[in-house]
Amino acid sequence: MTSDSAGKEFDYSQPFETDIGRAAVIAEALREYGYPHCTADDVTAELARPEPKRGMVGRFAADALEKAGWRP
């Protein structure tokens with residue numbers, strides 16, 4: 001038994017929400033890469049924007065979640 005959503009790829013360029021735990025892990029990685037003030041709230045706010053309006057934090061977060069195979 002399959003559903004319509006099972007066959008569709010998730011579009012990481014669209015606004016979406018992630019849990020605070022994943023956002024915190026991404027924020028920690030960003031702090032290590034030179035964004036010392038990045039927080040989980042920053043990450044979730046950036047992911048709530050469409051891709052053209054995202055800053056580096058949002059693009060990094062979406063890419064990291066896509067590479068990890070995360071699905072909402």
Side-chain angles (χ1 to χ4, degrees):
M1 187 170 172
T2 61
S3 69
D4 291 337
S5 63
K8 295 180 183 176
E9 289 293 319
F10 183 74
D11 186 359
Y12 292 90
S13 67
Q14 297 301 311
F16 64 93
E17 293 181 12
T18 187
D19 62 85
I20 197 72
R22 284 184 178 90
V25 170
I26 292 169
E28 183 176 342
L30 283 162
R31 287 191 298 271
E32 291 175 7
Y33 288 121
Y35 290 81
H37 303 291
C38 187
T39 66
D41 289 337
D42 296 333
V43 172
T44 57
E46 282 288 318
L47 291 174
R49 297 172 159 193
E51 197 277 330
K53 295 184 178 183
R54 287 182 187 155
M56 203 302 282
V57 168
R59 290 191 301 272
F60 178 92
D63 187 57
L65 291 169
E66 182 176 17
K67 286 179 180 176
W70 177 82
R71 298 288 186 268

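- In terms of heavy-atom proximity, Ala23 sits nearest to Val43 at O-CG2, 3.8 Å.
- Residues Leu30 and Met56 are in side-chain contact: their nearest non-hydrogen atoms beyond the backbone lie under 4.5 Å apart.
- Cluster annotation: Val57 is connected to Phe16 through the hydrophobic network of ILVMFWY side chains, with a link wherever side-chain heavy atoms come within less than 4.5 Å.
- Here the CD-CZ distance, from Glu66 to Arg71, works out to 7.5 Å after rounding to the nearest 0.5 Å.
- Contact between Ala40 and Ala27 at its shortest, heavy atoms only, is N-CB, 3.6 Å.
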Walk me through whether Phe60 and Tyr35 qualify under ring-ring contact (aromatic ring centres under 6.0 Å, His included). CA-CA 12 Å; Phe60 178 92; Tyr35 290 81; 8.3 Å; no

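- When the side chains of ILVMFWY residues are joined at heavy-atom separations under 4.5 Å, either directly or via intervening members, Trp70 and Leu47 end up in a single hydrophobic cluster.
- Across every non-hydrogen atom of Gly69 and Tyr12, the tightest pair is C-OH, 4.3 Å.
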Any chance you could lay out the salt bridge (charged side-chain N to carboxylate O under 4.0 Å, His left out) test for Arg49 and Glu46, step after step, and finish with the verdict? CA-CA 6 Å; Arg49 297 172 159 193; Glu46 282 288 318; 3.4 Å; yes

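- Under the 4.5 Å side-chain criterion, counting only non-hydrogen atoms from C-beta, Thr18 is not in contact with Ile26.
- Ion pairing between a basic and an acidic side chain is recognised when a charged N comes within 4.0 Å of a carboxylate O; Asp63 and Arg59 show no such pairing.
- With a 6.0 Å radius and a threshold of 12 heavy atoms from other residues, nucleotides or ligands, Tyr33 has its OH atom at or below the threshold.
- Among residues at least two apart or in separate chains, there is no salt bridge (charged side-chain N to carboxylate O under 4.0 Å, His left out) pair with a member in residues 23-33.
- With sequence neighbours excluded, no residue satisfies salt bridge (charged side-chain N to carboxylate O under 4.0 Å, His left out) with Lys53.
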Side chain to side chain contact (heavy atoms under 4.5 Å, CB included) between Ile20 and Asp41, intermediate numbers included: CA-CA 8 Å; Ile20 197 72; Asp41 289 337; 4.2 Å; yes

